[in-house]
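This report refers to the structure that appears directly beneath it.
Since the model is a prediction, treat every value here as computed from it, not as a measurement. Ligands are counted one by one from 1 in listed order, and the atoms in each one are counted from 1 as well.
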Amino acid sequence: MKILIKNGRVIDPSRRINRVADVLIENKKIIKVQKNIKTKVDKTIDAHRKIVAPGFIDLHTHLREPGEENKETIATGARAAVYGGFTTVCAMPNTVPICDNAAQVQYVLDKAKQADWANVLPIGAITKKRAGKEMAEMAEMQKVGCVAVSDDGDEVADAKLLRRAMEYAAMLKLPVICHCEDKNLIGKGVMHEGYWSTALGLRGMPSEAESIMVQRDIQLAGLTGAHLHIAHVSTAQSVELIRQAKKKGIKVTAEATPHHFTLTDESLQTYDTYHKVNPPLRSKADVKAIQKGLKNGTIDAIATDHAPHLQVDKDKEFDYAPFGLIGLETALSLAIMQLIDKKILTWSELINKLSCNPNRILRYDRGTLRPDAVADIVIIDPRKKWKYTKDQIKSTSKNSPFIDWELKGKIETVLLAGKICSL
Ligand SMILES: [Zn+2]
């Protein structure tokens, strides 16, 4: 099967390409990117006024399977991902049971293969049962296909254990993804500690609960030589610590979520539990710092932290509702509205954060339109306006604070390994 994508603006930061061109695909692979390709093909896609880019890679997705299939399954999550332009998602290990051994990693891969939507790359736990007591079998998990390790949802509180895990991960060249949060310091906090937590009478979580752990983990990365990847950076201090660490040559990368560069703690005024997320929505100054960190390269990637939850759980009182929101289907539009339209990022920089850099962090082989690469491609209509309504959400769970928002920019077509997905 030969497919030709005609006249799109091809943006491939991995090869510094940003120009109108055609993309020729044969079977699973990209053949070439060139102007005016003339050849007989089975299908032509007109991409005039559209953007053609490598498929996005989400470093941070909660798929809930096994164990909580009523919230999301690997199949429904991998499908929702494609609707959002993500051709690859990394599945966090905090499922039931925890993905902390080779058999669980294999289970995720098998389910993803059956589903036949986005590629799913399993992330294994750092510690057995994510209990923070004993290291998980990283080498065994890696052999089967685990791409990184993380106890996401919790920090590895024991610094000595994390040091050992980092030494081991460094040997295996596995990124260690840290959820930076001092549990004692946040206590029973439910939102960012500041003016709004006082005004609303909700218990606060200080910014320092994040940055203290960011600092500790950076120092341990320096000590061990491990590749530390910091999940969902949300505070100005964290951005500054990461910037300094990078300057010193410490192997650290970082991601930020669309909700952390879009919303502030002020939005909690409605007490809407869809805005309850961890790390919490922060102050205006923090949002500005995240945006600046994306611009100057301190923050390498945009990741969703897609966290499906049931309506019955989100309907609870604010103190008791679970943390988290879904984000796969809104990430691109929020990035266009908050980063492109506000002239914080260029299109090439945005595609870099969504595709090329996540690929580099994982040492994976996607995130590019180079000849012979697997044809995971997105075609974007950057100007299309649409309303994000509840009934069009593809994820099983509907916990998004962006429901009924007027959004801009939409995924038109997705090719998964050279196959056109019908969206
Ligand atoms: Zn987390």
Worksheet item: Counting heavy atoms not belonging to Lys419, are there more than 12 under 6.0 Å from its NZ?
Response: no
Worksheet item: Does Arg163 come within less than 4.0 Å of Glu167, counting only side-chain N to carboxylate O?
Response: yes
Worksheet item: Hey, which of Glu65, His62, His306, His309 is the one that makes side chain to side chain contact (heavy atoms under 4.5 Å, CB included) with Glu72?
Response: His306
Worksheet entry | Qualifying ring-ring contact (aromatic ring centres under 6.0 Å, His included) pairs with a residue from residues 205-245, counting only residues at least two apart or across chains | His60-His232, His179-His232
Worksheet entry | the Zn ion (ligand 1): protein N, O or S atoms [distance under 2.8 Å] | Asp152 OD1, His179 ND1, His232 NE2
Item to complete: Given salt bridge (charged side-chain N to carboxylate O under 4.0 Å, His left out), test Glu412 with Lys50 step by step and report yes or no.
Response: CA-CA 9 Å; Glu412 286 269 305; Lys50 309 278 161 61; 3.6 Å; yes
Worksheet item: Which of these passes side chain to side chain contact (heavy atoms under 4.5 Å, CB included) with His192: Ser207, Ser234, Pro206, Pro279?
Response: Ser207
